[in-house]
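Remarks on the structure that follows.
When a residue number appears, it is its place in the shown sequence, counting from 1.
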Amino acid sequence: MKKIIYSIPVIIFFYCLIYSINKGCNYTKEINENKAQTICKYIECQHRGKVTKSLMEYYVKDSLYITKYDRCPENYEKKIDKFFVIDYSSIDPNKIIVDFSNEVTDTTTILKAGFTKEDL
């Protein structure tokens, strides 16, 4: 009986682990299968203890989206208020992958993505 009681938390742990891995793979798979690109503005890095989240702002079909993304990039202070290329799911535009190595500086491209001159 004690073995069963002790094995329940282990089973629950492995179930949660497999669920998390599967959810992450499905997230990326959906973006890759329904990929669209646009430009986003890196707004801020939010800190919650040791966890950080990037806050991104972008337009899809004239609708503004503000989405929390994965952890903040290295040297994030220098990247705030800069523009980057993102891939997003055309099914769910809240699912994004940001390419912090691909900064966009061309103002025409930024304006065509839905931003205004005040955003620059």
* Ile97 and Tyr69: side chain to side chain contact (heavy atoms under 4.5 Å, CB included), yes or no, with the steps? -> CA-CA 8 Å; Ile97 297 175; Tyr69 182 64; 3.7 Å; yes

* Does the pair Tyr42 and Phe100 meet the rule for a ring pair (Phe, Tyr, Trp, His ring centres under 6.0 Å), with working shown? -> CA-CA 9 Å; Tyr42 182 39; Phe100 285 108; 5.5 Å; yes

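Across every non-hydrogen atom of Cys40 and Val98, the tightest pair is SG-CG1, 4.2 Å. Shown here for Ser54 and Arg71, the closest heavy-atom pair between the two residues is OG-O, 3.5 Å. Considering all non-hydrogen atoms of both residues, Met56 and Ile43 come closest at C-CD1, 4.2 Å. The two residues Glu57 and Phe115 make their nearest non-hydrogen contact at O-CZ, 3.4 Å. The two residues Ile110 and Leu120 come nearest to each other via the heavy atoms CG2-CD2, 3.5 Å.
For the pair Ser90 (side chain) and Asn34 (backbone), a donor-acceptor distance under 3.5 Å is present.
With respect to Pro93, the side chain to side chain contact (heavy atoms under 4.5 Å, CB included) criterion is satisfied by exactly one of Val60, Thr38, Thr67: Val60.
A search for ring-ring contact (aromatic ring centres under 6.0 Å, His included) contacts involving Tyr58 returns Tyr65, not counting sequence neighbours. Residues passing the side chain to side chain contact (heavy atoms under 4.5 Å, CB included) test with Asp99, sequence neighbours excluded: Ser101, Asn102.
Listed by first and then second residue, the side chain to side chain donor-acceptor pair (under 3.5 Å) pairs involving residues 107-120 are Asp106-Thr109, Thr116-Glu118, Thr116-Asp119 (not counting sequence neighbours). Contacts classified as disulfide (SG to SG under 2.5 Å) and involving residues 63-120 (residues at least two apart or in different chains) are given here: Cys45-Cys72. Sorted pairs that involve residues 89-120 and meet disulfide (SG to SG under 2.5 Å), not counting sequence neighbours, are lacking altogether.
Remark: Glu44 CD to Lys53 NZ distance equals 13.5 Å, nearest 0.5 Å. Note that CD of Glu30 is 5.0 Å distant from CD1 of Ile91, once rounded to the nearest 0.5 Å.
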Contacts under 3.5 angstrom, residues 73-87 side chains, donor-acceptor by atom type, not counting sequence neighbours:
| unit_1 | atom_1 | unit_2 | atom_2 | d |
| --- | --- | --- | --- | --- |
| Tyr76 | OH | His47 | NE2 | 3.0 |
| Asp87 | OD1 | Gln37 | NE2 | 3.0 |

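Clustering ILVMFWY residues whenever any of their side-chain heavy atoms sit less than 4.5 angstrom apart, transitively, puts Ile66 in a cluster other than the one holding Tyr88. A continuous path of Ile, Leu, Val, Met, Phe, Trp and Tyr side chains, each step under 4.5 Å between heavy atoms, connects Val104 with Leu111, placing both in one hydrophobic cluster.
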